[in-house]
Enquirer: 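Here it is, the structure in full.
Computed from a prediction, not measured in an experiment: that's the story for all the values here. Whatever order the structure lists ligands and atoms in, that order sets their numbers, starting from 1.
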Amino acid sequence: MSTHSMIDPLHGGADPEPIRFLDDDGAYAPSATAAAFADELANVGVDDFSQWYRDMVGTRAFDTECTHLQRQGQLALWVPSVGQEGCQVGLVRATEPQDHVFPAYREHLVANVRGVDRLAIAAQFRGMTHGGWDITDPANGNVHLYTLVLGSQTQHATGHALGQVLDAKRRAGDTALDAGEAGIETGEATMVFYGDGTSSQGDPNEAMVFAASYQTPEVFVVQNNGWAISVPVTRQSRTPLYRRALGFGIRAVQIDGNDPLAAYAVGRRYLRLAREGAGPGYIEALTYRIGAHTTADDPTRYRPDGELEAWQLRDPIRRLEGHLRSLGVDDAFFAEVAETADREAKVVRDQILTLPAPDPDSMFAHVYAEPHPRIDEQRAWFARYESSFEESTA
Ligand SMILES: Cc1ncc(C[n+]2csc(CCOP(=O)(O)OP(=O)(O)O)c2C)c(N)n1
Ligand SMILES: [Mg+2]
């Protein structure tokens, strides 16, 4: 697509074809670049692909429901992920339970597959939590918080991955504070998600410096969906984004981000290398934001004619459906998945409207493990402030 094909005026040399296993209709047609990753697909088959399809359709129904809820005034804002389910499902299904995930704000499928309840995701956008996912299970599949502060999660992730190295050293009896040389096998990795526009921020670039220096067990995932709100990716970078990572000394590839198999294969390889102590990796997933940036955005004001329609033909759900059909999966399965997804989305709708507002005082409860005078002071101030409303209406 025009938004992604870039001439490289500085370094010369054509970019290799993005890694893909499926063509636009879902037929198995690996690119030449996919061969090096094909063995990562050896243990997945039709049952896995069926589950991935279920994840994608379920997320899309949830996404659509949340957009409606926002339009009806029930959510403050919604950030749709429509169109990006393909790379998300492949990447999250490549993780292992002990891995940690740092999302941005559009990774609904990733969060849900790792164990965050969809209702908890919607609750954030209704202002029904003070942060965190589900207080009854703070670990939530090792999915860290959504962040709207672009790129900050990359530094959290690199810091976390550095901690994974230090933990592994401690387990081996080495108490040095320096992560030091490469080659520490951690057995667990960190995957961090961000967008094409975010790659222009300082934070991810700094995060990559430290990741490369200390060979953190980390996988950077950039979902290049063509746009940073109304700014096209071609304005953000004169070279394909994956090349920036190469400049930091981080292995990097570009994948067809609407091909779940490509995302799975590359994700699995890079996560394993990270866990084994072979350092960080970077995956640029070429995808497209089919929806608006958020419910506060109107993309018809800036998208070139025909761009959306061209990408709709490459919809990752349609594509995986094509692949499943080529493997013999029939109509009954697709009908059942659609019905289940609708039913689950309605459950979220019914439940979100009944969620109680959190106790305002609870925002002070989890700041520190031990009591802290500054927090006590703020808590007391807030209690007085709250009660001032009661007095004025009495
Ligand atoms: C530090 C910071 N600067 C600016 C913004 C405003 N902002 C929110 S989303 C966005 C665009 C992000 O684009 P991209 O990284 O491509 O992610 P996408 O939304 O396309 O997934 C901007 C500029 C912000 N949230 N945080
Ligand atoms: Mg973007």
Enquirer: Could you say whether the N/O atoms of I229 and ligand 1 ever approach to under 3.5 Å?
Expert: no
Enquirer: What atoms of ligand 1 come closer than 4.0 angstrom to any heavy atom of G197?
Expert: 14 (P), 15 (O), 16 (O)
Enquirer: Quick one: look at N225 and ligand 1, take heavy-atom pairs under 4.0 Å, and tell me if it's side chain, backbone, both or neither.
Expert: side chain
Enquirer: Would you indicate whether E339, at its atom CD, is surrounded by more than 12 heavy atoms from other residues, nucleotides or ligands within a distance under 6.0 Å?
Expert: no
Enquirer: How about Y105 and W78: are their ring centres within less than 6.0 Å of each other?
Expert: no
Enquirer: Do the ring centers of F334 and Y53 come within less than 6.0 Å of each other?
Expert: yes
Enquirer: With a 4.0 Å cut-off on heavy atoms, is W227 in contact with ligand 1?
Expert: yes
Enquirer: If you draw a 6.0 Å radius around CZ in R171, do more than 12 non-hydrogen atoms from other residues or ligands fall strictly inside?
Expert: yes
Enquirer: Output yes when the distance from some N or O of ligand 1 to some N or O of V149 is under 3.5 Å, and no in every other case.
Expert: no
Enquirer: Ligand 1 and R289, any nitrogen or oxygen pair closer than 3.5 angstrom?
Expert: no
Enquirer: May I ask you to list the atoms of ligand 1 that are less than 4.0 angstrom from any heavy atom of Y105?
Expert: 9 (S), 12 (C), 17 (O), 18 (P), 19 (O), 21 (O)
Enquirer: Can you name the N, O or S atom of D196 that is closest to the Mg ion (ligand 2)?
Expert: OD1
Enquirer: Centre-to-centre under 6.0 Å for W381 and F364, is that the case here?
Expert: no
Enquirer: Considering only protein heavy atoms, which is closest to atom 22 (C) of ligand 1, and at what distance to one decimal place?
Expert: L150 CD1, 3.4 Å
Enquirer: Is any N, O or S atom of R289 under 2.8 Å away from the Mg ion (ligand 2)?
Expert: no
Enquirer: Numbering the atoms of ligand 1 from 1, which are under 4.0 Å from a heavy atom of R106?
Expert: 18 (P), 19 (O), 20 (O), 21 (O)
Enquirer: With a sphere of 6.0 Å drawn around CZ of F49, does it hold more than 12 non-hydrogen atoms of other residues, nucleotides or ligands?
Expert: yes
Enquirer: I'd like to know if the side chain of R20 reaches the main chain of S31, judged simply by a donor and an acceptor atom lying under 3.5 Å from each other, with no hydrogens or angles considered.
Expert: no
Enquirer: If we only consider heavy atoms of H293, is any one of them less than 4.0 Å away from an atom in ligand 1?
Expert: yes
Enquirer: Under 2.8 Å from the Mg ion (ligand 2), can any N, O or S atom of N225 be found?
Expert: yes
Enquirer: Ring centroid separation for H144 and H156, is it under 6.0 angstrom?
Expert: no
